[in-house]
Structures are given as structure tokens and as C-alpha cells.
Amino acid sequence: MEYPFRNVERKWQKFWEKNKTFKTDIDPNRPKFYVLDMFPYPSGAGLHVGHPLGYIASDIYARYKRLLGFNVLHPMGFDAYGLPAEQYAIQTGTHPAVTTEKNIKKYREQLIKLGFSFDWDREVMTCDPKYYKWTQWTFIQLFQSWYNNETRKAEPITNLVHIFEKEGNKNINASCTQENDFDADQWNSFSEQQQQNILMNYRLAYLSETWVNWCPELGTVLANDEVKDGFSERGGYLVERKKMKQWALRITAYAQRLLDGLEKIDWTDSIKEVQKNWIGRSEGAVVYFNIKGFEEKLEVFTTRPDTLFGATFMVLAPEHYLAEKITVKERKYEVSAYIKKAINRSERDRIADVKTITGVFTGAYGINPVNGKQIPIWIAEYVLAGYGTGAIMAVPAHDSRDFAFARYFDLPILQVVTKSKGITENIKDWEDAYDSKEGFMINSGFLDNLPVKEAITKTIRFLESKNAGYGEVNYRLRDAIFSRQRYWGEPFPIYYKDNIPYPLDESLLPLELPEVDKYLPTESGEPPLARARNWTSPDGYPLETSTMPGFAGSSGYYLRYMDPHNDEAYFSPEANQYWQNVDLYVGGDEHATGHLIYSRFWNKFLYDLGIACMDEPFQKLINQGKIQGRSNFVYRVNPEKYAEYLLWEKIKELGEADNVIKDYRDGHRKFDFFYKKANLIIEIKTQEKLKKLESFYKDYINKTNKKLLLLPAADIIEINNTVIQEIKQAIEKAEAGIIFDRHKIRQPKPLFVSYNIKDRKLFSTPLYVDINLVQNDILDIEKFRHWRPEFKDAVFILEDGKYVCGWEIEKMSKSKHNVQNPDDLIEKYGADTLRLYEMFLGPVEQSKPWDTNGIEGVFRFIKKLWRLFHDQDNKFSVTNEEPTDQELKTLHKTIRKVKEDIERFSFHTAVSAFMVCVNELTDLNCHKKKILEPLVILISSYAPHIAEELWEKLGYTESVSSARFPACEEKYLIEKTFEYPVSFNGKLRFKIELPLNLDSEKIKDIILSEKKSLKWIENKPVKKIIVVPGKIINVVI
RNA sequence: GCCCGGGUGGCGGAAUUGGUAGACGCGCUGGACUUAAAAUCCAGUGGUCAUUUGACCGUGCGGGUUCAAGUCCCGCCCCGGGUACCA
């Protein structure tokens, strides 16, 4: 009777593996389709139920595309370098490669058990030298390239050298950090060292001394996207700012192209928005201010050049290179102290403390290029070194930060923009700056009366004509710090000769990760690779000791999948031409500012080299929602509180409440109950406490001459009636003293109260219970008793014979005991059920709590599907009868719906459609091959195992994945009649079945003469009748 | 503060172009089968009122457009996520 899912699933998983069913090769006769899941990092914990959500969706899509005749590339591999394995290595000495391999093995097994159609022959892992050879190779190409802003692409650095030799750098428009101009003669006279230093300012992978995010706890530098609120994203350790020499990738060169590319790809608006913000384009102008008494000019960036006349002071970031230099003698001490303090503050402190206004005056003055006015130059933390030029012109009237600063230090504020033409407002009354771009210029010389937008262009033209500035676009995006002072990563193919970095010859790749004695920095603070023996180039020059960051290996992996075993090239041109780029990419949106930017950059660079044929790597992106945990709680009774509660309830029940004081206070002492008339204190305590407090009670009674009845909590909870007797006797007793039968004390058993028991909150505390001991919020009491030794004798207060648990939605984590392991569910229900259920939960993109409460329904559906093909004795029984119209309609309706739903990634509604279909066919008692066979194909992308089994039983020897998706034939769906809902003034009153070929006029006549209509029309004039054929009829009265 | 999502039964969610709100599943209630349980099957299930026919209310709140609004427009409230001295 039952569907033997365990055997069936194992059987087909083996079949797919043995027959390499999902192995893909280039096939020029078939259109390609590339479906990719985001590269998983194999953590030690294995997959939890949240991970497969995206994998299931992409697998359904991949299988569906295959059924449509596409040649589908659907690979899987592992992002194997990473901190957790290395941290574990530091703690235990286990080589991270060992840990990683073990974790990958577990992941792979789990993925296979879910029945994914991966081409495992293409599996890659980033820590494999055959793989990272190409990561290193790409790094060398980046090192050997510069970005030409004229051609808007990367070009070989050798071209640049030729230009330098001929004409110097004057005519070069490059994305670079080179500040000084030189001509050909100068270049040719430079030493090798000087030339290399200059080239470093142009290279796309370059070494530079910059402020970096240093994480002392991890002993490494981190990229901006790896830092969240001043803490490392992995591990959550404090991050400091530190000036260090680091490898960086000139991703900023690609800022505009990364922005433009977003228009061409099919991603959600929210991810595009996040990337736009991260890139942070702003248009404005660079303005040069002369500094009184200095040669140097102060360069500022502003988005509001129109407000130049309103600039009343200037501010430098504490890190600004001129900050100390321009400071007047008598302020030197104060300024140095301020700078030192500001720089040493951690990122975290700065963030936490943005509201405090700090700053210091340098004593120097800048000269405003538009009017020659001298304005004071300040230094303040609110100006960031990393953005623009690290210096600003402050326009307090039209920028809230400048406004706040000016108010705090009492600096002049001058209005230059007004809402309505020519009206100057009283600035003293302002509470904030007027920073809108709507308005007209005042107090601005040649700009007066112009609207803001025109004033901006006019100012830029003015500045350019005076050589005092130029129009400029600025980006928030920073270059990506690319070195990590860690062991478990790709070594840089770089050696140092006279301290100048040179790339290794490509023939020496891969440069393999060496063995080290410890995974820690050296005593002198060098990275772990400095421990490696003979860590030198073949000529004996020292190799770079940093390693690459996690995003190095994951930035181009989708390209490697196209041709993963190629040792001659990253991938062959043929493979790239055929597979092009990823058509559907599925993964979490937490990669929006990391991986998804880096790989777009990486891809664009390879595109510039002519290696990748597509400009954008991922055409369509789906972000699966996160699966939150659903924790369950049991409520542990506090025996004292519960006993007090019970006794008080009893007292009330007996009508004695007026005679008893609850929570009786005598001076600073507190007791549970005091029975006034009998001068009797009743105190409920647990065994240990009774012992501890014995002498205290004696003292107290001696002093007060009261009666004290001591009751062990366990007694009240378990044997209520004898306790009442005891209390009665105590009341009647004449003499003072302690009444306590020490023979009776017992340790109360752990007691738990069900969720809906009255007043539960008063005497119990919630306790996480492992969700695997709970089903539909009902606790499995026996399992619970075995869960932990201390619950062995647990007792329960039930409701309706059951223990009902409480629940809450929160993060899935071990400590909350709400982690659902897919393996357990597969064991219980099978992979097909799990796949369907994860989809059935709701839209893939939406975050949702994990809740197994509904999985039984999906399991029932699978069994019901099986039963369509089998008789009562579980014998395969499918007939060759011709299907009825009704059956055909059900089938084709389902084909249409499922196809539509998969194509719009609405996987959950497709599952509903399957259920409706199987329900209908069951009702129709349909066991016909002509109906069931297409159904098997239809469902095979969702529930591949059962589909394969049924397909085989239907007589096929090849995998169902080689079948063709059935076509929906509209002719079976044409209806002759329709049950029209008839509304009166928009309110549905009744339904009427009418032929669909009736024209509107006839329908109107029918409705007006219909008996049921008369009731609603009631002799009132009918204004209008709206007939939407096949939809609705509305009568307006 | 700013920028994205989102708010529909007891729960997850459906309603694709403005056209029958609540598909499908869970849960719950009742019934059949069974010595019993499980499994399975059948019926019911938004709320309120009503003996029934049925009536009224109902998609976060308040307005509006329309013959017709969960869907469009205006104004708010709440929840989730991202982001922030970015000049």
C-alpha cells in the first residue's frame, strides 16, 4: 500500500550517479542554459534546512529547462578557503585542508541525498591547486593591466610603458593614484625602482600604503564589505583602522561600468539599489582653494558648486596630508593632539559617536576662488579621509552637518539659496540647513537669481576657465583590499626583488600553498606563510607572505565551471562562447555588496582582456529568502512558585482569602502566607532552602512568638488534600513554634506545564526544547525524558492529554535547539517530500520561518500520487483507456499552470497545482496512461525520484529527464458555459450558468428577466448593466 | 534620517491585466473503517447574527477614483531588511 520512498530514492540517486545522467558537454545543436547556485562554503555543521531552499528552486528550473530541450549546465562546487577551518586549525592543529575535505564530503553527501541534477564531473574547489592556478593567473593579469578611462577598458601595462617612454603621462587619462606629471625624458631617466613605483599607481592590482580595516583578533586586514558596524562579519571581532601596505584591486576604475551594467541585468530592484548605494555615484566639482601663505592648494569635492559663495570655512579630515603642515605654530600642540586622538579611535567608536561634534582650528585660511575671501580651515572627524579628497568646503546654510558644526563653534552662516527668488531669511531662526536643490541663488555675485541647477553648471564653467576646478564625478566605492595575513588562502604569485614586487612567470603557476609548523603569525608579526621553509622564487627571491581573501576564488568560479579541467587555460574560448554566462543565478542577498560586486568586476576585467565573451556574469538573479528558525518551548515549573500558587488558589476556593495575607511582610522579612486569626505563618520552600534557613526560622519564632508551618513544595504539588489537613491542624494548634515534619521532605521532580494551562506564566519559565522532540507543537514526552538525564523523571501538567509547546520565530541556531537537519526529514519523509515542502512554504524570495507542521500534507500528496498508479494491493495498475474530456481538462490545465508558474519562479503555486490535479484525478478515479504519463514528466522536476520510478514502471528505460515537457493543448480547456457571478451595485447576489457564446445584449435580457434579479431590482430603474464576458455581470441600480 | 520589501482566516499562503477574496496545505470540529491506535476516507471550517432561506461585516488605518479596489491614487500607522557624518 505504501510508497517505498527510501528504496526508490536511493535507487535513482545511484542510477544518476552511475549513468552520469546530468553530465553536460558542449552541444552546438542544442541551446544552452546555465543555472547556478551561489558557491557554498562548507561549514562543519553541514547543511541546515535553509540552505537547500535555493538549490531546490534552481534544480527545478534546471530540470524543467532540460525537459524543454535545453542543454543545461548545472554545476556545484565549493568555496573552500575561509576563516572557520583556519581558526579550527589554530585551536587544534588540524590542517585546514583536512577539515575542509571532511566538510565537503558531508556537504556533497547531503546534496546527493536531495536528488539534485548537478553535473558532479564539473565540481571544483577553490583550494585545489588546479583551480587556484587560475585565480593566481588572473591576479597576474590584473597586476599587468591599467585602466584607460578613454577607451573605458583595461589595457596591458606594457602599452602604458610605451606611452610613458614616448610622451610621459600628460596625455594619459587613467584610473590611478599617480599625482605628479612627468615627460618622456624624465621617465626614461628614472631608475627601475622609480619606474616601478610609478607603475604601481596604475596597476589594477597594486600595493599601497592605506588606511585599512585591521582585525587584531583574526590577525588580518578585512575588506569594507567584511566589516559590519565596526566588527568583523565572520567572528564578530573588533576592527581597527591601521595604515598598512596592502595589495588592493582597483575596482573603482570600474565604478561607472558596474553602475551602467545594472541596467542590462534582470535582478531585483532592491539588490540593484544596494549596489547603487555601495558604488555611490555623485556628480559635482573639484575646487582648488589656495592656502594663505602656502604653495599647496587645497582640493575639495562638492556636489554643490553653486553654493561656493556660501562657503564660510573649510574642514579637513584628521588624516589629511596637509593637516599638520598648514597649522600655525601657536595651534600646533592642540591640533596634533586632536589628530592623534581622532586617528587612534576605532571605526567602532567613531560610528557610535557620530553625534558628538568635535573639531579644531588650524589657524590657516583658504582663499575662495570665486570671491577671494579668506575662510578659516578647521580639522574635524566628520570629514572622512576615504571619501572625495578628504577635505570639504563647508556651506553651513545648505548642509546640515556643516550647519551643526558652525552652530557649535559659532562660525558664520551665509544663505546663498532661497526658496523664492531674492528673499533672504533670518538665519538665526533656522533649526537646520536648507539643503534642497530647489531654489534660487542670492548673495552669490554672478550667480544671483539663477535656479540652483543652472548655477551648478555656470560655476563649473567659471572654475574651469580660471583653472580653479572642474566638473567631476565621485564614487563612494573604495578599492578592494586584497591581502589577508592568514594561512588558508591562495598565495600571491609575487616575489620581491630589492623590495619591488614582480609577478612570477606564468609557467611557475600554480604557486602551491606551503606547509607551515603553526597557523599563526611569526614572533615578528609576519603572516603565517613567513614560517614556510624556502618560501622563495626559483631565483631565491622572497615570496609574498600574505594570502588572497575569500572573494578571490569565488569571483570567477562560474567561468571555470564551463571548462573545469582545462590545465592550459582558465577555460577554452569554445566553452566560453557556448556557455556565455549564467542565465539563472540563485543565492542569498547577503552577497549584494561582496561577491556580487567583486565577480561583476572580475568578469568585466576578463571581458576587457577578451577572455570572457559576456560583459555581465549573471543575467537573472533570484534571491531566496532566509529560512528562520521556529523554536519550541516547554515551561518548567518553579516548584515554590507553583506550590504557592496552588495553595493560594485552594485558600480562595475555601473562601478563606480574607483571613490570609499573601506575601506577608514583617519588617524586612517576607513570608508566603499569614493566617491572621491563628497567628500562623505558612512558608513553602524546596528541600535545600528549608535546610539552609532552619536556624533563621528558629530565631524568628523565638522572637515573635508565632506559629510557623513549613511545607515542602513537592508535597503541595503532589498530595494536595493531606496538606489541607496539615494546615487545619496547624491553625488549631495553640502554642507557638515551628511545625515541620522533616521526614517528609522530598526532592520535587522536574515539572513542566503545558502552554495553555491557566496562569502558566505566574509559576513557570520557558525553556528551549529541541524541535525534533516536538511535532505540530505537541511534545513527545517519552523522547523528552530521554533527551537529558535531568528530565528522566519529568512530570507534566497536560491539556487534553497532550503537552502543548510554545513557539517563537527567531534565527536558526544550535543554542536555540531549532536547527532542522534535512537528513532527518529525508529519512522520515523522503527527499521528494522535502523538496516539494520547501517550495510549498511560500514564494522563494520571501523569508519565512521553518515549520514542519505542514510537511505531512505534502507527504500525503506524494502517497496519493503513487496511488493513482497502483491498485489496493500496491500493484502497478495503469490502463490504456481513452481519457475523458474532464480528465484531459484537468491534465492540460495543470500543464499550463505549472509551466507558467515555473517560468515566473512561483514554485509554491505550482505545488498547489499538482495537488489540485492529483485530487481531481483521484476523484475521477483516473488511472489512464494517457493522462498519468504526461503528469509524471510534469512533476519530475519537483519530485524526481518518484517520477523516475513511475516512468520506469510505465515501461521506459531511459531517465525521465530525457523526456519532453508536455505541451498544453488549449482545445481541451475551451469551456462552453460559464457560471457568471451576478452583482448588484458591486455586491455579489447570485450565480447563473450561461453559454459563453452569448453576446452581451442577450445576457442583459436574461439577467433582467431572471426571477432572482427582480428581488434586487425592486422596481427601481436599472441604470446600467456591465457584462464582462467570461468574468462578471454587474447590474447598476 | 534615508532607501528597499511587506501587512489578507487560528497558521503558511493564493488571487498573474482592477472583475466571484481566502485556491492549496496545515490545524481544528464531526463522521466512517478498526477491539483499539496509526494510516486512510468523507463532511465542515473568515467573523457576527439567524431555526432555515439568508443578512451584515471583512484584505493594517483614514480618505479618494471606478459600475467594480486586496489590486490604482493621496495621507497615515505598524513590521522586516539594508544603509548612513559619503560633502
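Just so we're on the same page: letters track the sequence lines, and every chain starts at 1. Small disclaimer: the values here were computed from a predicted structure and weren't measured.
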Asks: Quantified in whole Å, what is the C1' atom distance between nucleotide G9(B) and nucleotide A23(B)?
Replies: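 Nearest-Å result for G9(B) against A23(B) at atom C1': 13 Å.
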Asks: Using a cut-off of less than 4.0 Å, is there contact between a side-chain N or O of Lys899(A) and OP1 or OP2 of U16(B)?
Replies: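 False: Lys899(A) side-chain N/O out of range (4.0 Å or more) of U16(B) OP1/OP2.
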Asks: Is there a donor and acceptor pair closer than 3.5 Å between the side chain of Lys1031(A) and the base of U17(B)?
Replies: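 No, no donor-acceptor pair under 3.5 Å.
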Asks: From CG of Asn1034(A) over to P of G18(B), roughly how many Å is that when rounded to an integer?
Replies: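 After rounding, the reported distance stands at 18 Å.
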Asks: Let me know the distance between CG of Leu841(A) and C1' of G12(B), rounded to the nearest Å.
Replies: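 Atom-to-atom, Leu841(A) to G12(B), this comes out as 7 Å.
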Asks: Take atom C1' in G46(B) and the same atom in G70(B), then report the distance between them in whole Å.
Replies: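 Those two atoms are separated by 14 Å.
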Asks: Whom does U45(B) pair with, Watson-Crick or G-U wobble, provided both distances fall under 3.5 Å?
Replies: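 Paired with G27(B).
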Asks: Between Leu935(A) and Cys917(A), what is the shortest heavy-atom contact and its length?
Replies: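 Result for this residue pair: CD1-SG, 3.9 Å.
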Asks: To the nearest Å, how far apart are Phe840(A) CZ and G12(B) P?
Replies: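 Spelled out: CZ on Phe840(A) to P on G12(B) is 13 Å.
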Asks: Could you check how far CG of Asp399(A) sits from P of G1(B), rounded to whole Å?
Replies: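 About 19 Å, once rounded to whole Å.
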Asks: How is Glu900(A) classified with respect to the nucleic acid when contacts are heavy atoms under 4.0 Å: base, sugar-phosphate, or nothing?
Replies: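 It contacts base atoms.
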Asks: What is the distance from CG of Leu384(A) to P of C86(B), rounded to the nearest Å?
Replies: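 The answer, rounded to whole Å, is 7 Å.
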Asks: My understanding is that only one of Asp780(A), Asn818(A), Asn632(A) makes a side chain to side chain contact (heavy atoms under 4.5 Å, CB included) with Val774(A); could you say which?
Replies: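 The passing option is Asn632(A).
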Asks: Would G12(B) be called syn or anti, given that syn covers angles within 90° of 0?
Replies: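 This nucleotide is in anti.
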Asks: Taking His870(A) for the side chain and Trp866(A) for the main chain, is one N or O donor matched with an acceptor at less than 3.5 Å?
Replies: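 Judged by distance alone, yes, a pair lies under 3.5 Å.
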